[in-house]
Number of protein chains: 2
Amino acid sequence: MSKKENILFTALALFASKGYDSTSTRQIAVEASVSEGLIFRHFGSKEGLLNAIIVHGISISQSYIQPILALNNPKEVIKRSIQLPLSVPGEDHEFWKLLYTLKWQRSEYEEGAFDSLRQKLTHAFRSLAYQNPELEAQLIEIYIDGLATEILLRKGDAQELTQLILNKYEL
Amino acid sequence: MSKKENILFTALALFASKGYDSTSTRQIAVEASVSEGLIFRHFGSKEGLLNAIIVHGISISQSYIQPILALNNPKEVIKRSIQLPLSVPGEDHEFWKLLYTLKWQRSEYEEGAFDSLRQKLTHAFRSLAYQNPELEAQLIEIYIDGLATEILLRKGDAQELTQLILNKYEL
DNA sequence: ACATAAAGTGAGTAATCACTTACAAAACTA
DNA sequence: TAGTTTTGTAAGTGATTACTCACTTTATGT
């Protein structure tokens, strides 16, 4: 792992656990065993470092959103969407915790990561003749956020909860 | 309004909009038109100020949770719980935004405000002979969080969404 | 009226903040 | 191998941070 990557992952871990604002560039440098100056050489600013983390994380996320977009069976789309939080690998949890944190304090990071998925879900519900496909898709997003919260924050077992939701859609 | 209250509400507004960490005690003092020292006279520390805000907010929250706890009809309990986010007055929105933000970056503030409501909901679902009352109650909490997010963050119209959820329970 | 306490101020404090700069080592290119 | 770019560091910078302290003003109780 290059020093640049090292900075990126150390910063991600710190931002996710203590928050962006209360993590100092000094601390990142110490923890990553690099000089503080190197952070600014590679990323320009603390904000630039955050951006790099987001960009990297979003691109990783596409790897488990893309397969759902490729599905044809609408019921399968809904099922896989609800199962999404459970299917996110543990190594990506830090990133998602950071993203959910930022969502509440930085409007600019209001996740557009799910935009395409919502459209796909709307289509799925429409083809299943649901009365209000847009709202139904929005509801699935609420399930995803709720399950993600359960997993990332309360570290609970979201398996039963996922199953309960799937049952409501007879999936 | 006393200067003490003035500090409390200005701090709430700033914490909610910019976040706790990136709001300085200096800024609070200026905005509230008091000396910075007064903040520490009254609240001891910045953290103490945050605690005072939380305590005050939680006590206000009881005013709209308590009526639900007093209900007898289980269906009514569920209905009113789902309608909870819509029924929170606009003046309390700042506090709830702050609380949701803290939830993601300060584990100590993992809201116990809803503990009694969850118990009540579990009872309600049990008396309605649902197979898994605990999980069903947890799901209602997810709806509440989702609707609150819609209202507090996206400032969307949660009315339709609330109705959709109510329909799912035939309420 | 007078003593005690509570409320309030303004100018400090050391520490920490994000960031810069001058310079050296390493890597790459010819 | 010589020249250039990239990667890296150590020691700073001024600004800002939460918090303190010596002091004055206002309120309160008898």
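Proteins come first, then strands; the chains are lettered A, B, ... in the order of their sequence lines, and each starts at number 1.
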*State, without any angle test, whether A:Thr101 and B:Gln105 hold a side-chain donor-acceptor pair at a distance under 3.5 Å.*
no
*Under the side-chain hydrogen bond (donor to acceptor under 3.5 Å, both in side chains) rule, what do B:Thr10 and B:Glu31 come out as? Steps first, then yes or no, please.*
CA-CA 7 Å; B:Thr10 357; B:Glu31 204 113 339; over 6 Å; no
*Contacts to DNA chain D from residues 3-12 of chain A, heavy-atom cutoff under 4.0 Å, which residues?*
A:Lys3
*Taking only residues two or more places apart in sequence or in another chain, which ones pass salt bridge (Lys or Arg N to Asp or Glu O under 4.0 Å) with B:Glu170?*
none
*How does protein reach along nucleotides 10-19 of chain C, written 5' to 3' as B (base within reach of a heavy atom under 4.0 Å), S (only sugar-phosphate), or - (no contact)?*
B------SBB
*Which value, rounded to the nearest 0.5 Å, describes the distance between B:Tyr143 atom OH and A:Ile142 atom CD1?*
8.5 Å
*Please determine, by modelled atom types, if B:Gln131 and B:Glu136 share a side-chain donor-acceptor pair under 3.5 angstrom.*
no
*Is the closest basic N to carboxylate O distance between B:Asp145 and B:Lys103 below 4.0 Å?*
yes
*side chain to side chain contact (heavy atoms under 4.5 Å, CB included) partners of A:Gln163, counting only residues at least two apart*: A:Leu166, A:Asn167
*Could you give the start and end, 5' to 3', of the contact zone on DNA chain D for chain B, using atoms under 4.0 Å from its heavy atoms?*
D:dT17 to D:dT20
*Parallel, tilted or perpendicular: ring planes of B:Trp96 versus B:Phe114, cut at 30 and 60 degrees*: parallel
*Output all residues satisfying salt bridge (Lys or Arg N to Asp or Glu O under 4.0 Å) with B:Lys46, sequence neighbours left out; order by chain, then residue number.*
none
*Would you indicate whether B:Glu160, at its atom CD, is surrounded by more than 12 heavy atoms from other residues, nucleotides or ligands within a distance under 6.0 Å?*
no
